[in-house]
Enquirer: 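What follows is a single structure, and I will ask about it in a moment.
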Protein chains: 2
Amino acid sequence: MGFLEKVLQLDDVIGQLECAEHLEELQSVIEWLRDHYAVDDMVYHWVSSNGTQYGCGTYDPAWVQRYLEKGYLRIDPVVLGCYQRFHPVDWKRLDWSGKAARAFLNDAVAHGVGNQGYSIPIRGPNGQFALFTVSHSCDDAEWESFTEIHRRDLILLAHYFNQTALKLEPGRTPEPTQPLSPREVETMTLLAVGYSRAQVAETLSISEHTLRVYIESARFKLGAMNTTHAVARAIARGQIVV
Amino acid sequence: MGFLEKVLQLDDVIGQLECAEHLEELQSVIEWLRDHYAVDDMVYHWVSSNGTQYGCGTYDPAWVQRYLEKGYLRIDPVVLGCYQRFHPVDWKRLDWSGKAARAFLNDAVAHGVGNQGYSIPIRGPNGQFALFTVSHSCDDAEWESFTEIHRRDLILLAHYFNQTALKLEPGRTPEPTQPLSPREVETMTLLAVGYSRAQVAETLSISEHTLRVYIESARFKLGAMNTTHAVARAIARGQIVV
DNA sequence: CGGCGCCTCGCTATATCTGGGGAGTTGGAA
DNA sequence: TTCCAACTCCCCAGATATAGCGAGGCGCCG
C-alpha cells in the first residue's frame with residue numbers, strides 16, 4: 001500500500017469518527033484500525049475522575065474484566081506514567097520497578113497483552129483524561145520502526161477518538177464547570193501547598209471567617225464533600241496550579 | 001506544491017521542533033510556518049493559570065505588550081473559549097457578546113490582528129494549558145477552506161510545539177518521588193474523592209487508627225504538611241489517579 | 001537469621017475544621 | 001436602576017483531624 005493511499009484512508013477514518021453518533025461505532029473503527037496497522041491490539045480508554053471508565057478496543061474481554069475487578073487503573077504504570085507526561089510514550093520507557101507493577105505486567109502478558117506498547121495521553125477540559133494505546137508482540141527493533149513511522153497518525157487518531165468520545169458522552173462532566181473566583185483560587189492554591197486555614201487567612205490578610213466562606217463556596221462550586229476533596233478536584237481539573 | 005512534498009516538509013518541521021534546545025528556536029520555526037501556510041499570523045501561547053505566560057509567534061510586539069499590560073488573558077474569548085473545549089475552534093464560533101469581549105476585539109483588529117482565526121487548545125499534565133493559533137485576513141469561504149485542509153497539520157504542529165515547550169520549560173524538575181505503598185495509594189485516592197477518614201477506614205475495613213498511620217506515612221513520603229497537602233502532591237505528581 | 005518495610009491495632013488530649021445562622025459593601029451586568 | 005456575584009466580617013457548638021506515646025505479626029532480601 002502506498003503512502004498516499006494510506007493518508008487518504010486515515011482521512012476516511014477521521015471523517016467516520018467525526019460523523020459517529022454512537023459510541024458503538026468507535027468499536028468497529030478501532031477494529032478496522034487494528035487490522036489496518038496489523039497490530040495485536042488497539043485501545044481507547046477513558047479514565048474518568050469519578051471512577052467510571054469507558055473503553056473500546058480489541059483487548060480480550062476477560063482481561064478488561066480483570067483490569068476493572070482488580071482496580072488496575074491505580075496500579076497500571078501505563079496509566080500512571082501517561083498521567084504525568086504529555087508526549088506519547090513507549091511502554092519500555094515507563095517505570096516497571098515496584099512489586100505491584102511487575103505483578104500487573106505478569107498478569108497482563110498472561111492474558112495475551114503484547115510485550116510492546118505505545119500509549120498516547122489525551123487531556124480535555126476539566127481534567128478529562130484518556131489514553132490511546134497500540135500494543136503488539138514483536139522485537140524491539142520492529143516496534144521501534146513501527147512507532148517511528150506511525151507516531152503522527154496515532155496522535156491524530158487519539159485526538160479524534162477523544163473528540164468523538166467527548167461529543168457522544170456529554171454526561172461525563174455532570175458538574176457544571178463553575179469557574180472559581182480569584183479569591184477562591186488563591187485559597188485553594190495555598191491550601192494545596194500545605195498552608196493551614198489560619199496561615200492562608202494570614203497570607204491573604206483576611207479574617208479566618210472570611211476564608212472559610214471562600215472554602216465553602218469553592219467546595220460548593222466544585223461539588224466537593226470537604227476541603228481535601230475540593231483541593232483535589234481543583235487540581236485534577238486544572239483550576240489551580242500547584 | 002504537491003501534497004506529498006508538503007507532508008515531507010511537515011516532517012522536517014516536527015523533527016526540528018523535537019531537536020530544539022532553546023525556546024528561541026521555536027520563534028524561527030513558527031515564522032517559517034507562517035510563510036509556508038501564507039497566513040498573516042501564527043502563535044503558540046503558553047497559558048499558565050498562575051499568571052505567567054510564554055509565547056512565540058508573529059504578532060506585532062506592540063500587541064503582545066498591550067495584551068499583557070491589559071490582562072487580556074482573562075478577557076480574550078479565544079482563551080476563555082478554548083479553555084472549555086477540547087477540539088480546535090474557529091474564532092467565529094466563540095462568544096463575542098459582552099462589552100469586554102467586543103472592546104478586546106476592537107483593540108485587536110486595531111493592532112493588526114486578522115479577522116479570521118483558528119485556535120487549538122492543548123493540555124499537559126498538572127493543568128498545563130497552551131494555545132496554538134493561526135490567524136488571517138480573508139473572507140469566510142476562503143478561511144473555511146483553509147482550516148478544512150490544514151486542520152490536521154495544525155493539530156500536529158500544536159502538539160509538537162507544546163511538547164517542545166514543556167521539554168524546554170525550566171522549573172519542571174520533578175522531585176524524587178518516593179513510591180507509596182498500595183495501602184497508602186488507596187488511602188490517598190479515597191481521601192481525594194471526598195471520603196472522610198472514618199469512611200476511608202470503613203471502606204478499607206481497617207481501624208481508623210491504622211488508617212491514620214497510612215496518612216502520616218504518606219504525608220512523610222510526600223513531604224507534606226497535612227493531609228490536604230499530601231493529597232494535592234500525590235495528584236500533582238501523578239502518584240494517584242483521581 | 002536479622003533487619004526493614006508493610007500492615008494492623010490501642011490510648012489521650014488538643015488543635016483544627018465543619019455547618020448552621022446573619023449582615024454589610026462594592027462593582028459589574030441586565 | 002436594579003440585581004447579582006464577589007468580598008468582607010461575626011458567633012457558636014459539634015465533628016473531625018492531628019500529635020504524641022505505644023505494640024505485634026508478616027513477608028522479603030541480603
Enquirer: Grab the CD1-P distance between A/Ile215 and C/dT16 for me, whole Å please.
Expert: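 Rounded to whole Å, this separation is 14 Å.
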
Enquirer: Would you say the side chains of B/Asp107 and B/Tyr67 form a donor-acceptor pair under 3.5 Å?
Expert: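 Checked: B/Asp107/B/Tyr67 side chains show no N/O donor-acceptor pair below 3.5 Å.
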
Enquirer: Any side-chain N or O of A/Arg197 less than 4.0 Å from the OP1 or OP2 oxygen of C/dC17?
Expert: yes

Enquirer: Report the C-alpha separation of A/Arg212 and A/Glu208 in whole Å, then their side-chain angles, then the decisive distance to 0.1 Å, and conclude whether the salt bridge (Lys or Arg N to Asp or Glu O under 4.0 Å) test is met.
Expert: CA-CA 6 Å; A/Arg212 218 184 57 201; A/Glu208 195 176 333; over 6 Å; no

Enquirer: Answer yes or no: does a side-chain N or O of B/Lys221 lie under 4.0 Å from OP1 or OP2 of C/dC6?
Expert: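 Checking C/dC6 against B/Lys221, a side-chain N or O does come within under 4.0 Å of OP1 or OP2.
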
Enquirer: Round to the nearest Å and state the distance from A/His209 atom NE2 to C/dT18 atom P.
Expert: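 Distance check: A/His209 NE2 to C/dT18 P gives 14 Å.
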
Enquirer: Which one, C/dC7, D/dC9, C/dC9, comes nearest to the side chain of B/Ser181?
Expert: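 Output: C/dC7.
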
Enquirer: Using a cutoff of under 3.5 Å, can you pull out all pairs of nitrogen or oxygen atoms linking the protein to nucleotides 23-27 of chain D, with atom names and distances?
Expert:
none

Enquirer: State, with a plain yes or no, whether a side-chain heavy atom of B/Tyr72 is found less than 4.5 Å away from one of B/Val79.
Expert: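 No, side chains not in contact.
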
Enquirer: Want to settle it: does A/Ser217 or A/Glu208 sit nearer the 5' end of DNA chain D, counting the closest nucleotide to each?
Expert: A/Ser217

Enquirer: Assign B/Glu186 to base, sugar-phosphate, or nothing according to its heavy-atom contacts below 4.0 angstrom with the strands shown.
Expert: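 Touches nothing.
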
Enquirer: I'd like to know if B/Arg183 pairs up with B/Glu186 as an ion pair, taking the criterion as any Lys NZ or Arg NE/NH1/NH2 lying under 4.0 Å from an Asp or Glu carboxylate oxygen.
Expert: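 The answer is yes: the pair qualifies as a salt bridge.
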
Enquirer: When rounded to the nearest 0.5 angstrom, what distance separates CG in A/Leu211 from CD in A/Glu202?
Expert: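 A/Leu211 CG to A/Glu202 CD: 12.0 Å, rounded to 0.5 Å.
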
Enquirer: Classify B/Thr227 by what it touches in the nucleic acid, base, sugar-phosphate, or nothing, heavy-atom distance under 4.0 Å.
Expert: sugar-phosphate

